[in-house]
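What follows is a set of notes on a single structure, which appears directly below.
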Amino acid sequence: SQTIHQWPATLVQPVGSPLSLECTVEGTSNPNLYWYRQAAGRGLQLLFYSVGIGQISSEVPQNLSASRPQDRQFILSSKKLLLSDSGFYLCAWRWAGLNTGELFFGEGSRLTVL
Amino acid sequence: KQEVTQIPAALSVPEGENLVLNCSFTDSAIYNLQWFRQDPGKGLTSLLLIQSSQREQTSGRLNASLDKSSGRSTLYIAASQPGDSATYLCAVQGGSEKLVFGKGMKLTVNP
């Protein structure tokens with residue numbers, strides 16, 4: 001079966017510090033991978049997605065970046081965090097080639113920027 | 001621009017009731033609609049996916065219907081239980097990789 005892991009689960013960081021959130025998927029090959037953010041009182045917002053190693057598409061301009069160094073690894077980064085980066089970050093995956101298929105989410109990483 | 005609305009934002013019911021959760025969307029040109037459940041502080045769990053060519057999907061006590069022409073979907077929960085308490089979100093996918101989510105409906109089922 002397929003599983004998706006995110007870490008860390010919780011993170012408290014000062015403004016201006018760097019960020020690295022990691023996501024890995026097990027049990028499948030070449031999945032489509034996604035980073036979403038859920039901010040308080042708002043819906044989920046797609047930040048980045050990737051259909052293959054090194055292939056990153058950005059949905060919104062922001063202080064964040066994403067990388068996919070391995071087939072089943074997706075990383076969300078920032079060089080300098082802003083207060084507005086606080087939120088609940090969710091990694092998700094889909095079966096390869098099924099860009100209209102079911103989306104599966106991880107447990108999320110809660111980021112608080114102080 | 002696609003907008004997804006879920007009304008009401010919260011619902012509290014006694015155990016055993018049959019429930020209907022509503023989701024509406026403004027652009028009927030969608031590929032699919034997906035219902036999720038989110039427990040407090042947790043990620044999203046996929047409940048049902050309805051492709052645009054389908055009218056409904058069923059899983060256990062859950063049944064989701066889709067009416068593209070009217071821009072509506074409903075999630076029917078039969079014989080609700082306290083364990084069904086969670087936030088339920090619907091999301092639609094149009095012509096891109098992005099799912100557009102509603103803000104969710106918080107359901108409380110009281111024993």
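This one's a predicted model, so the numbers in the text were calculated from it and none came from an experiment. Lettering of chains follows the sequences in order, A, B, ..., and the numbering in each one begins at 1.
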* Taking a hydrophobic cluster as the set of Ile, Leu, Val, Met, Phe, Trp and Tyr residues connected by side-chain heavy atoms closer than 4.5 Å, whether directly or through intermediates, do A/Leu46 and B/Leu44 fall within one such cluster? -> yes
* **Same cluster (ILVMFWY, side-chain, under 4.5 Å), A/Phe105 and B/Leu62** => no
* Are A/Val15 and A/Leu81 connected, step by step, through hydrophobic side chains (Ile, Leu, Val, Met, Phe, Trp, Tyr) whose heavy atoms are closer than 4.5 Å? -> yes
* Single-linkage hydrophobic cluster, 4.5 Å side-chain cutoff, A/Ile75 and A/Tyr89 together -> no
* Check whether any side-chain heavy atom of B/Leu99 sits under 4.5 Å from a side-chain heavy atom of A/Tyr36, and report yes or no. => yes
* Drop me the distance from B/Glu97's CD to A/Phe48's CZ, to the nearest 0.5 angstrom. => 15.0 Å
* Under a 4.5 Å heavy-atom cut-off, does chain B meet the side chain of A/Leu44, its backbone, both or neither? -> both
* Asked: For the hydrophobic clusters of this structure (ILVMFWY residues joined by side-chain heavy atoms under 4.5 Å, transitively), does one cluster hold both B/Val4 and B/Ile30?
  -> yes
* To do: Heavy atoms only: give me the nearest B/Leu49-A/Glu102 pair and the separation to one decimal.
  => CD2-N, 3.5 Å
* **Euclidean distance, B/Thr45 OG1 relative to A/Glu107 CD, rounded to 0.5 Å** => 7.0 Å
* Asked: Can you say whether B/Leu89 sits under 4.5 Å from chain A via the side chain, the backbone, both, or neither, judging by heavy atoms?
  -> side chain
* To do: For the pair B/Gln34 (side chain) and A/Leu103 (backbone), establish whether a donor and an acceptor sit closer than 3.5 Å, ignoring hydrogens and angles.
  => yes
* To the nearest 0.5 Å, how far apart are NZ in B/Lys98 and OH in A/Tyr49? -> 10.5 Å
* Structure fact -> So, the part of A/Gln6 with a heavy atom under 4.5 Å from chain B: the answer is neither
